[in-house]
Engineer: 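Once you've had a glance at the structure underneath, I'll fire off some questions.
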Amino acid sequence: MLSFLYKVYQFCIVLPLGLLLTGLTSIAIALLSVCGFPVFAAKYIGGFWAWALLRMLLIPVSVEGKEHVDPKKSYVFVANHQGAFDIFGIYGYLRHEFKWMMKKSLGDIPFVGMACRKAGFIFVDKSSRRAILQTMTDAKKALTGGASLCVFPEGARTFTGHMGVFRSGAFQLANTLQLPVVPITIDGSFDILPRMRGFNFVNWHPLRIVIHEPIAPEGKGPEHVRHAMDESYRIIMSALPERHQGFVENPDQ
(Lines give C-alpha, C1' and ligand atoms only; values in the text may rest on other atoms or scores of the structure.)
Protein backbone atom coordinates (compact mmCIF):
# COMPACT_ATOMS: atom_id res chain seq x y z
CA MET A 1 0.00 0.00 0.00
CA LEU A 2 2.78 2.44 0.92
CA SER A 3 4.57 1.64 -2.33
CA PHE A 4 1.41 2.42 -4.32
CA LEU A 5 0.85 5.72 -2.48
CA TYR A 6 4.49 6.68 -3.06
CA LYS A 7 4.02 6.17 -6.80
CA VAL A 8 0.84 8.27 -6.79
CA TYR A 9 2.73 10.99 -4.93
CA GLN A 10 5.54 10.88 -7.49
CA PHE A 11 3.17 11.12 -10.45
CA CYS A 12 0.79 13.77 -9.09
CA ILE A 13 3.18 16.00 -7.15
CA VAL A 14 6.87 15.32 -7.79
CA LEU A 15 6.64 14.99 -11.58
CA PRO A 16 4.91 18.33 -12.30
CA LEU A 17 6.83 20.24 -9.63
CA GLY A 18 10.10 18.60 -10.68
CA LEU A 19 9.60 19.54 -14.34
CA LEU A 20 8.74 23.11 -13.38
CA LEU A 21 11.75 23.36 -11.07
CA THR A 22 14.06 21.90 -13.71
CA GLY A 23 12.87 24.37 -16.35
CA LEU A 24 13.18 27.39 -14.05
CA THR A 25 16.58 26.24 -12.77
CA SER A 26 17.93 25.76 -16.29
CA ILE A 27 16.78 29.21 -17.37
CA ALA A 28 18.20 30.83 -14.23
CA ILE A 29 21.60 29.13 -14.69
CA ALA A 30 21.76 30.11 -18.36
CA LEU A 31 20.86 33.75 -17.67
CA LEU A 32 23.20 34.13 -14.70
CA SER A 33 26.03 32.50 -16.67
CA VAL A 34 25.52 34.89 -19.60
CA CYS A 35 25.55 37.80 -17.11
CA GLY A 36 28.94 36.69 -15.79
CA PHE A 37 28.00 34.57 -12.76
CA PRO A 38 28.49 30.96 -13.98
CA VAL A 39 30.15 29.78 -10.75
CA PHE A 40 27.36 31.10 -8.52
CA ALA A 41 24.71 29.73 -10.89
CA ALA A 42 26.19 26.24 -11.13
CA LYS A 43 27.11 25.85 -7.46
CA TYR A 44 24.13 27.39 -5.71
CA ILE A 45 21.23 27.35 -8.17
CA GLY A 46 22.14 23.94 -9.58
CA GLY A 47 22.95 22.57 -6.14
CA PHE A 48 19.58 23.71 -4.79
CA TRP A 49 17.81 22.03 -7.74
CA ALA A 50 19.43 18.67 -7.00
CA TRP A 51 18.85 19.00 -3.25
CA ALA A 52 15.21 19.99 -3.74
CA LEU A 53 14.45 17.05 -6.04
CA LEU A 54 15.78 14.59 -3.47
CA ARG A 55 13.80 16.32 -0.74
CA MET A 56 10.61 16.19 -2.82
CA LEU A 57 11.12 12.46 -3.31
CA LEU A 58 11.61 12.09 0.47
CA ILE A 59 14.97 10.38 -0.09
CA PRO A 60 17.12 10.52 3.09
CA VAL A 61 20.72 11.46 2.29
CA SER A 62 23.72 11.01 4.59
CA VAL A 63 27.13 12.49 3.83
CA GLU A 64 30.35 11.38 5.49
CA GLY A 65 33.80 12.95 5.21
CA LYS A 66 33.02 16.59 4.35
CA GLU A 67 35.96 17.56 6.52
CA HIS A 68 38.34 15.96 4.01
CA VAL A 69 37.72 18.67 1.42
CA ASP A 70 39.00 22.26 1.59
CA PRO A 71 36.53 24.58 -0.19
CA LYS A 72 39.43 26.80 -1.31
CA LYS A 73 41.34 24.02 -3.10
CA SER A 74 40.93 22.34 -6.48
CA TYR A 75 40.43 18.58 -6.76
CA VAL A 76 39.50 15.88 -9.21
CA PHE A 77 36.52 14.10 -7.64
CA VAL A 78 35.98 10.52 -8.84
CA ALA A 79 32.94 8.43 -7.90
CA ASN A 80 31.38 5.08 -8.68
CA HIS A 81 28.32 5.30 -10.91
CA GLN A 82 25.42 3.34 -9.42
CA GLY A 83 22.59 5.21 -11.12
CA ALA A 84 21.03 8.50 -12.21
CA PHE A 85 20.64 9.68 -8.63
CA ASP A 86 24.42 9.83 -8.20
CA ILE A 87 24.23 13.20 -9.94
CA PHE A 88 21.59 14.59 -7.58
CA GLY A 89 23.45 13.32 -4.53
CA ILE A 90 26.82 14.81 -5.43
CA TYR A 91 25.45 18.02 -6.92
CA GLY A 92 23.12 18.68 -4.02
CA TYR A 93 25.36 17.66 -1.12
CA LEU A 94 29.05 17.96 -2.05
CA ARG A 95 28.81 21.77 -1.74
CA HIS A 96 32.06 22.42 -3.57
CA GLU A 97 32.72 24.47 -6.70
CA PHE A 98 33.25 22.00 -9.54
CA LYS A 99 32.43 21.30 -13.15
CA TRP A 100 30.90 18.04 -14.32
CA MET A 101 32.53 15.91 -17.00
CA MET A 102 29.50 14.26 -18.58
CA LYS A 103 28.29 12.28 -21.57
CA LYS A 104 27.78 14.31 -24.74
CA SER A 105 24.23 12.91 -25.05
CA LEU A 106 23.18 14.72 -21.86
CA GLY A 107 23.62 17.96 -23.74
CA ASP A 108 20.57 17.06 -25.84
CA ILE A 109 18.18 17.12 -22.86
CA PRO A 110 15.85 20.12 -23.23
CA PHE A 111 16.75 23.05 -20.92
CA VAL A 112 19.25 20.94 -18.94
CA GLY A 113 21.73 20.71 -21.83
CA MET A 114 21.56 24.46 -22.41
CA ALA A 115 22.18 25.20 -18.72
CA CYS A 116 25.14 22.80 -18.56
CA ARG A 117 26.78 24.43 -21.59
CA LYS A 118 26.32 27.94 -20.20
CA ALA A 119 27.75 26.84 -16.85
CA GLY A 120 30.89 25.55 -18.59
CA PHE A 121 30.42 21.83 -17.92
CA ILE A 122 32.47 19.50 -20.09
CA PHE A 123 30.82 17.09 -22.50
CA VAL A 124 32.78 13.93 -23.34
CA ASP A 125 32.84 13.39 -27.09
CA LYS A 126 34.19 9.97 -28.09
CA SER A 127 33.32 10.24 -31.80
CA SER A 128 36.95 10.61 -32.88
CA ARG A 129 40.47 10.90 -31.54
CA ARG A 130 40.39 14.62 -32.27
CA ALA A 131 37.16 15.01 -30.28
CA ILE A 132 38.61 13.11 -27.33
CA LEU A 133 41.68 15.35 -27.32
CA GLN A 134 39.44 18.42 -27.39
CA THR A 135 37.50 17.09 -24.41
CA MET A 136 40.73 16.68 -22.45
CA THR A 137 41.83 20.18 -23.45
CA ASP A 138 38.54 21.65 -22.22
CA ALA A 139 38.86 19.80 -18.92
CA LYS A 140 42.43 20.98 -18.46
CA LYS A 141 41.36 24.60 -19.04
CA ALA A 142 38.67 24.27 -16.38
CA LEU A 143 41.11 22.86 -13.84
CA THR A 144 43.87 25.38 -14.53
CA GLY A 145 41.26 28.10 -14.04
CA GLY A 146 40.94 27.08 -10.38
CA ALA A 147 37.83 24.92 -10.58
CA SER A 148 37.49 21.30 -9.53
CA LEU A 149 36.22 18.49 -11.72
CA CYS A 150 33.78 15.68 -10.97
CA VAL A 151 33.98 12.50 -13.03
CA PHE A 152 32.45 9.01 -13.08
CA PRO A 153 35.52 7.04 -14.29
CA GLU A 154 33.40 4.00 -15.18
CA GLY A 155 31.83 6.09 -17.93
CA ALA A 156 28.45 4.39 -17.56
CA ARG A 157 25.99 3.38 -14.85
CA THR A 158 26.29 -0.12 -13.47
CA PHE A 159 23.83 -2.85 -14.38
CA THR A 160 24.41 -4.77 -11.15
CA GLY A 161 25.35 -2.32 -8.39
CA HIS A 162 28.95 -3.54 -8.61
CA MET A 163 31.80 -1.38 -9.87
CA GLY A 164 33.07 -1.80 -13.41
CA VAL A 165 36.32 -0.73 -15.07
CA PHE A 166 37.81 2.71 -14.40
CA ARG A 167 38.98 4.77 -17.36
CA SER A 168 42.21 6.69 -16.85
CA GLY A 169 41.34 10.13 -18.31
CA ALA A 170 40.50 11.89 -15.02
CA PHE A 171 43.58 10.47 -13.33
CA GLN A 172 45.81 11.59 -16.21
CA LEU A 173 44.44 15.12 -15.86
CA ALA A 174 45.07 15.09 -12.12
CA ASN A 175 48.60 13.83 -12.69
CA THR A 176 49.38 16.40 -15.38
CA LEU A 177 48.24 19.28 -13.17
CA GLN A 178 49.41 17.64 -9.92
CA LEU A 179 46.00 17.91 -8.26
CA PRO A 180 44.70 15.67 -5.46
CA VAL A 181 42.19 12.98 -6.40
CA VAL A 182 39.22 12.64 -4.05
CA PRO A 183 37.44 9.24 -4.18
CA ILE A 184 33.70 9.32 -3.46
CA THR A 185 31.61 6.25 -2.67
CA ILE A 186 27.93 6.37 -3.59
CA ASP A 187 25.69 3.73 -2.05
CA GLY A 188 21.93 3.43 -2.52
CA SER A 189 21.48 5.06 -5.91
CA PHE A 190 21.22 1.65 -7.58
CA ASP A 191 18.35 0.74 -5.26
CA ILE A 192 16.53 4.02 -5.91
CA LEU A 193 16.45 3.61 -9.69
CA PRO A 194 18.38 0.76 -11.33
CA ARG A 195 19.62 1.48 -14.84
CA MET A 196 17.63 -1.42 -16.28
CA ARG A 197 14.32 0.30 -15.45
CA GLY A 198 15.01 3.42 -17.50
CA PHE A 199 12.78 6.44 -16.80
CA ASN A 200 10.41 5.07 -14.20
CA PHE A 201 9.02 5.45 -10.70
CA VAL A 202 11.76 5.50 -8.10
CA ASN A 203 12.04 3.28 -5.05
CA TRP A 204 12.30 4.85 -1.62
CA HIS A 205 15.79 4.07 -0.35
CA PRO A 206 18.44 5.96 1.67
CA LEU A 207 21.32 7.49 -0.30
CA ARG A 208 24.76 7.46 1.30
CA ILE A 209 27.73 9.50 0.11
CA VAL A 210 31.23 8.96 1.51
CA ILE A 211 33.89 11.57 0.72
CA HIS A 212 37.27 9.94 1.30
CA GLU A 213 40.59 11.57 2.06
CA PRO A 214 42.33 13.10 -0.99
CA ILE A 215 45.07 11.12 -2.68
CA ALA A 216 47.92 13.63 -2.96
CA PRO A 217 50.07 13.67 -6.11
CA GLU A 218 53.48 12.09 -5.58
CA GLY A 219 55.03 12.71 -8.97
CA LYS A 220 54.35 12.62 -12.69
CA GLY A 221 54.26 9.64 -15.01
CA PRO A 222 52.20 6.54 -15.94
CA GLU A 223 53.04 4.74 -12.69
CA HIS A 224 51.58 7.61 -10.64
CA VAL A 225 48.46 7.69 -12.81
CA ARG A 226 48.00 3.95 -12.25
CA HIS A 227 48.59 4.33 -8.50
CA ALA A 228 45.92 7.04 -8.14
CA MET A 229 43.46 5.02 -10.23
CA ASP A 230 44.02 1.75 -8.38
CA GLU A 231 43.90 3.43 -4.95
CA SER A 232 40.70 5.29 -5.83
CA TYR A 233 39.09 2.06 -7.00
CA ARG A 234 40.10 0.22 -3.84
CA ILE A 235 38.99 3.02 -1.51
CA ILE A 236 35.63 3.55 -3.21
CA MET A 237 34.82 -0.15 -3.16
CA SER A 238 35.84 -0.50 0.49
CA ALA A 239 32.86 1.63 1.57
CA LEU A 240 30.27 -0.29 -0.48
CA PRO A 241 28.05 -2.89 1.24
CA GLU A 242 29.08 -6.52 0.94
CA ARG A 243 26.41 -7.27 -1.68
CA HIS A 244 28.06 -4.79 -4.06
CA GLN A 245 31.66 -5.77 -3.35
CA GLY A 246 33.77 -7.13 -6.21
CA PHE A 247 34.28 -6.24 -9.85
CA VAL A 248 31.58 -6.99 -12.42
CA GLU A 249 32.17 -5.87 -16.00
CA ASN A 250 29.51 -3.69 -17.60
CA PRO A 251 28.64 -4.70 -21.17
CA ASP A 252 28.84 -1.11 -22.45
CA GLN A 253 32.31 -0.41 -21.09
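Please read these numbers as outputs of a predicted model, since none were measured by experiment. Residue numbers start at 1 and run along the sequence shown.
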Engineer: Under the side-chain contact (heavy atoms from CB on, under 4.5 Å) criterion, do F190 and H244 qualify, and how do the steps go?
Structural biologist: CA-CA 10 Å; F190 180 77; H244 288 154; 4.0 Å; yes
Engineer: Could you check whether R226 pairs with E223 (Lys NZ or Arg NE/NH1/NH2 to Asp/Glu carboxylate O, under 4.0 Å)?
Structural biologist: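 No, no charged N to carboxylate O under 4.0 Å.
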Engineer: Test M237 against Q245 for side-chain contact (heavy atoms from CB on, under 4.5 Å), laying out the working first.
Structural biologist: CA-CA 6 Å; M237 186 180 289; Q245 287 286 329; 3.4 Å; yes
Engineer: Would you confirm whether the ring centroid of H224 sits within less than 6.0 angstrom of the ring centroid of F171?
Structural biologist: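 No.
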Engineer: So if I apply the side chain to side chain contact (heavy atoms under 4.5 Å, CB included) rule between I90 and each of F77, F152, F85, which one comes out positive?
Structural biologist: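 Output: one option passes, namely F152.
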Engineer: Any donor and acceptor pair, going by atom type alone, linking the side chain of E231 with main-chain N or O of I215 inside 3.5 Å?
Structural biologist: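 Side chain of E231 to backbone of I215, a donor-acceptor pair under 3.5 Å: no, none is there.
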Engineer: Apply side-chain contact (heavy atoms from CB on, under 4.5 Å) to residues Y9 and V14 and explain how you reach the verdict.
Structural biologist: CA-CA 7 Å; Y9 168 72; V14 177; 3.4 Å; yes
Engineer: Are D187 and Q82 packed together at the side-chain level, in the sense that at least one heavy-atom pair is separated by less than 4.5 angstrom?
Structural biologist: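 Yes - at least one pair of side-chain heavy atoms lies under 4.5 Å apart.
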Engineer: For the atom pair OG (S189) and NE2 (H205), what is the distance rounded to the nearest 0.5 Å?
Structural biologist: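 Interatomic distance, S189 OG to H205 NE2, rounded to 0.5 Å: 10.5 Å.
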Engineer: Answer yes when E64 and R208 have at least one side-chain N-carboxylate O distance shorter than 4.0 Å, and no when they do not.
Structural biologist: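 A salt bridge links E64 with R208.
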Engineer: Would you compute the distance between atom CD1 of I236 and atom CD1 of I186 and round it to the nearest 0.5 angstrom?
Structural biologist: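 These two atoms lie 8.5 Å from each other.
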Engineer: With distance as the sole test, does Y75 use its side chain to make a donor-acceptor pair with the main-chain N or O of D70 at under 3.5 Å?
Structural biologist: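 Yes, the answer is positive, given that a donor and an acceptor are paired below the 3.5 Å cut-off.
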Engineer: Indicate yes or no for a side-chain donor-acceptor contact from W204 to the backbone of Y6 under 3.5 Å, with no hydrogens or angles considered.
Structural biologist: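 Judged by distance alone, no pair lies under 3.5 Å.
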Engineer: Would you say F98 and V39 are hydrophobically clustered, going by side-chain heavy atoms of ILVMFWY under 4.5 Å?
Structural biologist: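 Different hydrophobic clusters.
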Engineer: Angle between ring planes, Y233 versus F166, binned at 30° and 60°: parallel, tilted or perpendicular?
Structural biologist: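 The arrangement is perpendicular - the two ring planes meet at more than 60°.
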Engineer: For N203 and D191, run side-chain contact (heavy atoms from CB on, under 4.5 Å): C-alpha distance rounded to whole Å, both residues' side-chain angles, the deciding distance at 0.1 Å, then the answer.
Structural biologist: CA-CA 7 Å; N203 302 315; D191 300 282; 5.9 Å; no
Engineer: Centre of Y93's six-membered ring, under 6.0 Å away, within 45 degrees of the axis: is that where NZ or CZ of R95 sits?
Structural biologist: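 Yes, R95 sits over the ring of Y93.
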Engineer: Quick check on the hydrophobic clustering: are V63 and L54 connected, directly or via other members, by side-chain heavy-atom contacts under 4.5 Å?
Structural biologist: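 Yes: a chain of side-chain contacts under 4.5 Å links V63 to L54.
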Engineer: For the aromatic rings, using the six-membered ring if either is Trp, is the centroid distance between F88 and W49 under 6.0 Å?
Structural biologist: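 They qualify: ring centres under 6.0 Å apart.
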Engineer: Between T158 and H81, do the side chains contain a donor N or O and an acceptor N or O under 3.5 Å apart?
Structural biologist: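 Note: H81 and T158 side chains miss the donor-acceptor criterion.
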Engineer: Taking all non-hydrogen atoms of both residues, which atom of G155 and which atom of R167 are closest, and how far apart?
Structural biologist: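 The pair with the smallest heavy-atom distance is CA-NE, 4.2 Å.
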